[in-house]
Amino acid sequence: MKKAIIIGGTSGIGRALAEKLLENDWKVAITGRRVELLDEIKVKSNNKMITLAHDVTEIDNSDSKLNSLFEQLGVVDLVVVSSGISELNGKLDWDIENKVIQTNVNGVAKIYGFVFQKFIEQGHGHLVGISSLAALRGNRMCASYSASKAFQANYLEAMRCIAKRKRVNIKVTDIQPGFVNTPMAKGEGLFWIVPVKKAADQIFTGIQKEKRKVYISKRWRLIAWVMRVMPSWVLEKL
Ligand SMILES: NC(=O)c1ccc[n+]([C@@H]2O[C@H](COP(=O)([O-])OP(=O)(O)OC[C@H]3O[C@@H](n4cnc5c(N)ncnc54)[C@H](OP(=O)(O)O)[C@@H]3O)[C@@H](O)[C@H]2O)c1
């Protein structure tokens, strides 16, 4: 039986993917801050799901919390880091920016590094990060979020390069959703919104195929291309 840990599995994409993995006979552990949701999910899964309360911004606890899950599961085949927050913050209020940076940058990088090291010790593993299409360009409504997602995307790519250079059997996948129908998808002008179950199905397929990068859904590849080539003066007018 394959084993997975999902960081940020209490709602949205992480939760849907955890359920998908469970349906496919994986042993799954999820984390998140909302203890009542963790308990509810555990009961709903007939106690199959392992749950652990963990706040990724509590950096000093991160290694020991994750280690406890590795010890419970034994060898871990897959870790998905889905935890994240996003706030519309065109005024660049520092309290909001700082919260996003602590969660999406510091919290996530600490987990990436710990898991990468564990996979080296195990001799194999698959690390999946959920960045975003927002990684591609700066966004005036959520500067810290778009920058944090660029950080994640580049970090994942760097780890893939390290694994290749070290010749270790570690796969790294960067999932780049456009808009997925979860509480996080906020603001006006949202389009091509993907149902969360469909997103989980596509991520699962991407994991099975050990893809380097997966757009959710595939048609967002076109937007990714447009965003990459868009001149700055056009972006500034949007
Ligand atoms: N929805 C979209 O349109 C979209 C688009 C592109 C990328 N993404 C990315 O997809 C990922 C999942 O988002 P989602 O849409 O599924 O949103 P969501 O339903 O809000 O899920 C976010 C998850 O992150 C966890 N989390 C947040 N802060 C945390 C913290 N400090 N410590 C531990 N866990 C924390 C939450 O759990 P607790 O609250 O229980 O801690 C929750 O399980 C995020 O990284 C997001 O940036 C989403």
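Every number for a ligand or one of its atoms is a count from 1 in the order of the listing. Position 1 is the first residue of the sequence; numbering continues from there. Computed from heavy atoms alone, side chains included, the values below leave out hydrogens, waters and symmetry copies.
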Give a yes or no on whether the backbone of [Y] and the side-chain of [X] come within a donor-acceptor separation of less than 3.5 Å.
X: Thr31; Y: Gly8; answer: yes
X: Arg34; Y: Ala53; answer: no
X: Gln122; Y: His124; answer: yes
X: Lys149; Y: Ile130; answer: yes
X: Thr103; Y: Val100; answer: no
X: Asn104; Y: Ile85; answer: yes

Ligand 1 contact by [X], heavy-atom criterion under 4.0 angstrom:
X: Asp55; answer: yes
X: Ala16; answer: no
X: Arg15; answer: no

So, regarding [X] and ligand 1 (criterion: nitrogen or oxygen to nitrogen or oxygen, under 3.5 Å), is there a contact or not?
X: Gly32; result: no
X: Gly14; result: no
X: Pro183; result: no

Please write down residue, atom name and distance for the protein heavy atom closest to [atom].
atom: atom 43 (O) of ligand 1; answer: Thr10 OG1, 2.7 Å
atom: atom 34 (N) of ligand 1; answer: Ser83 CB, 3.7 Å
atom: atom 5 (C) of ligand 1; answer: Gly178 O, 3.1 Å

**Report entry** Ile6 side chain near Leu21 side chain, heavy-atom distance below 4.5 Å
**Finding:** yes

Report summary line: At under 4.0 Å between heavy atoms, what of Ser131 touches ligand 1? The answer is backbone

Query raised in the report: Between the candidates Ser11, Gly9, Ser86, which shows the shortest non-hydrogen contact distance to atom 19 (O) of ligand 1?
Result: Ser11

